[in-house]
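As a basis for the values below, the full set of heavy atoms in this structure was taken, side chains included, without hydrogen atoms, waters or symmetry mates. In this text the structure is predicted, and so the values were computed from the model without any measurement.
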Amino acid sequence: MSGESAVDIGQGWHPDPGSSRSLHADAYTEERWFDADQSAIISRTWQWICHGEKLRDRGSFVAEAIAGQPIFAIRGLDGELRAFYNVCQHRAHELVEGEGQLKNLVCPYHGWSYDLSGQLQAARHTDHLADFDTDQICLDPVQITEFGGFVYVNLDPKAAPLQEQAGDLGVEIAHWAPDVEQLTHAHRLSYKINSNWKNVVDNFLECYHCHIAHKDFVSLVDMDTYVVTTHGIYSSHMAEAGKSANTAYDVSEATVTDHAVWWLWPNTCMMRYPGRGNFIVLKIIPVGPDLTYETYDFFLETAEPNEAELESIRYLDEVLQVEDINLVESVQRGMSTPAFQQGRIVYDPSGSGLSEHAVHHFHGLVLDTYKGVAS
């Protein structure tokens, strides 16, 4: 990578959050750093795909794109979970799209057929070809794992297992959301945001802005109990539900009375809000230096949300997300001016919701990655 080095882009960041500044604005606005994000971060980390329920049955599959690369996950007829690049070995056509169920993989271009372990079974009109052996042709595999009730993939064949990297995250999810594997998909919200993905992550990782920007949210959650803890590649954000009526949505019949949130490096956010049994996964998808897609998937006790859950979904969609998208798009515009280079991290040693130490933690992981790609 030519131009500014990792040392320059990391200037001002300090291991002590109380003495640190944030990432430089260039990391959020310049194409070269977005390219580094895609090649060195998104392509080499565990990426959330779906709830385990979607791939429980033999032959079930889900197609996705990771850092622009087409892949699919599939449950084999032997019960094994596998993932492959979604690329036929004949002329590179994609084999599947969306999600569904099948018994074998047939390329829609020329009809080459693979079994669900990725092995080529048949190729039309190839019997006369020299040195052509179907046994020697198979789909290119991708690492895949089930973790905390969900399925993740990693394009890096050398990446350590997520269970090894994630420390106690699985234990925390099992403690705070013991029903996660029994929940079912009920709703998806999708957004297009005119901001760099790292600004979206930054905003998610701190509640220093909540009293100012989210008046309803701070009535839903008891901010006096809000505690943020950073770990190796994740952070946890825990609080109790508010004790009185709130202006966000009705929780009068809630069986879940805690606000439990996790961020998993680099772009997966998991939430359990006050209400019935629930789990929400926010996937932050980098698209360009100033463009991000988001998906919010709601997993509930039933596929049809009840009235209180519909109210909570409307609150998140029509209030909380509107507030947050306005914030990060404004930040992106500010970072694109000569008036801003970097800001100070606000740190509370008690780890309260008013502290930005989880943002600092994220920036440290980003900078560690940038060191490996700069020349």
Side-chain angles (χ1 to χ4, degrees), residues 43 45-67 69-90 92-109 111-123 134-135 137-157 159-166 169-170 173-174 177-188 264 268 270 279-281 283 285 295 297-303:
S43 295
T45 52
W46 288 98
Q47 295 290 307
W48 183 88
I49 295 294
C50 63
H51 190 284
E53 70 167 351
K54 198 167 280 189
L55 293 170
R56 280 192 189 130
D57 296 334
R58 297 176 187 226
S60 55
F61 73 89
V62 175
E64 263 287 1
I66 304 298
Q69 303 295 307
I71 65 98
F72 68 95
I74 192 163
R75 179 74 66 178
L77 298 180
D78 59 359
E80 287 296 312
L81 188 62
R82 299 180 178 89
F84 303 97
Y85 280 93
N86 193 6
V87 177
C88 179
Q89 297 300 291
H90 173 222
H93 196 282
E94 293 176 348
L95 293 163
V96 295
E97 62 180 26
E99 58 188 67
Q101 193 101 9
L102 40 75
K103 293 184 178 179
N104 61 353
L105 296 155
V106 180
C107 180
Y109 195 6
W112 281 31
S113 176
Y114 303 81
D115 67 21
L116 302 194
S117 70
Q119 179 65 51
L120 182 65
Q121 295 296 296
T134 57
D135 290 341
I137 300 174
C138 59
L139 300 179
D140 203 17
V142 172
Q143 282 210 74
I144 188 167
T145 193
E146 292 182 86
F147 177 81
F150 297 94
V151 177
Y152 295 79
V153 299
N154 195 320
L155 299 185
D156 182 1
L162 178 55
Q163 290 81 353
E164 178 182 314
Q165 292 189 38
L169 177 58
I173 293 173
D179 57 350
V180 64
E181 294 187 11
Q182 284 71 53
L183 300 177
T184 190
H185 190 264
H187 196 73
R188 167 173 276 197
L264 174 63
T268 301
M270 296 166 279
F279 208 85
I280 308 167
V281 179
K283 185 174 183 180
I285 306 165
T295 56
D297 285 285
F298 293 78
F299 302 92
L300 305 174
E301 293 180 12
T302 58

Could you state the interatomic distance from OH (Tyr114) to SG (Cys88), rounded to the nearest 0.5 Å?
3.0 Å

Could you measure the distance from the CD atom of Gln143 to the OG1 atom of Thr145? Nearest 0.5 Å is fine.
8.5 Å

Taking atom types as modelled, is there a side-chain donor on Asp297 or His51 under 3.5 Å from an acceptor on the other?
no

Verify side-chain contact (heavy atoms from CB on, under 4.5 Å) between Asp140 and Val87, making sure each step is shown before the conclusion.
CA-CA 8 Å; Asp140 203 17; Val87 177; over 6 Å; no

Answer yes if the ring centres of Phe84 and Phe61 are under 6.0 angstrom apart, and no otherwise.
no

Over 12 non-hydrogen atoms of neighbours within 6.0 angstrom of CD in Gln101:
yes

Measure the OG-CG distance between Ser60 and Leu55 for me, rounded to the nearest 0.5 Å.
4.5 Å

For the pair Tyr109 (side chain) and Ala92 (backbone), establish whether a donor and an acceptor sit closer than 3.5 Å, ignoring hydrogens and angles.
no

Residues Asn86 and Glu94: side-chain donor-acceptor under 3.5 angstrom:
no

To the nearest 0.5 Å, what is the distance between CD (Gln121) and SG (Cys138)?
11.0 Å

Does the side chain of Ser43 come under 3.5 Å of the side chain of Gln69 through a donor N or O and an acceptor N or O?
no

Just so I know, are the side chains of Val281 and Thr295 near enough to count as touching, which here means a heavy-atom distance under 4.5 Å?
no

Side chains of Gln47 and Thr45 only: does a donor on one sit below 3.5 Å from an acceptor on the other?
yes

Applying the salt bridge (Lys or Arg N to Asp or Glu O under 4.0 Å) test to Glu146, which of Lys54, Arg75, Arg56 qualifies?
Arg75

Got a second to check how far Asp179's CG is from Phe299's CZ, nearest 0.5 Å?
12.5 Å

Exercise: identify the closest heavy-atom pair between Gly59 and Leu77:
N-CD2, 4.4 Å

Mind telling me whether Tyr152 and Phe147 have parallel, tilted or perpendicular rings, with 30° and 60° as the class edges?
perpendicular

Ser117 OG to Ile74 CD1 distance, which is reported to the nearest 0.5 Å:
10.0 Å

The test is ring-ring contact (aromatic ring centres under 6.0 Å, His included); show your working for Phe279 and Phe298 and say whether it passes.
CA-CA 6 Å; Phe279 208 85; Phe298 293 78; over 10 Å; no

Apply side-chain contact (heavy atoms from CB on, under 4.5 Å) to Trp112 and Leu120, showing your working.
CA-CA 7 Å; Trp112 281 31; Leu120 182 65; 3.8 Å; yes

Determine whether Leu105 and Leu139 make a side-chain contact, defined as any pair of heavy atoms from C-beta on separated by less than 4.5 Å.
yes

Is the backbone N or O of Pro70 less than 3.5 Å from a side-chain atom of Glu64, with the two atoms forming a donor-acceptor pair by type?
no

Verify side-chain contact (heavy atoms from CB on, under 4.5 Å) between Thr184 and Glu53, making sure each step is shown before the conclusion.
CA-CA 7 Å; Thr184 190; Glu53 70 167 351; 3.0 Å; yes

Can any side-chain N or O of Asp115 pair as donor or acceptor with the backbone N or O of Gly118 at less than 3.5 Å?
yes

Under the side-chain contact (heavy atoms from CB on, under 4.5 Å) criterion, do Trp46 and Thr268 qualify, and how do the steps go?
CA-CA 9 Å; Trp46 288 98; Thr268 301; over 6 Å; no

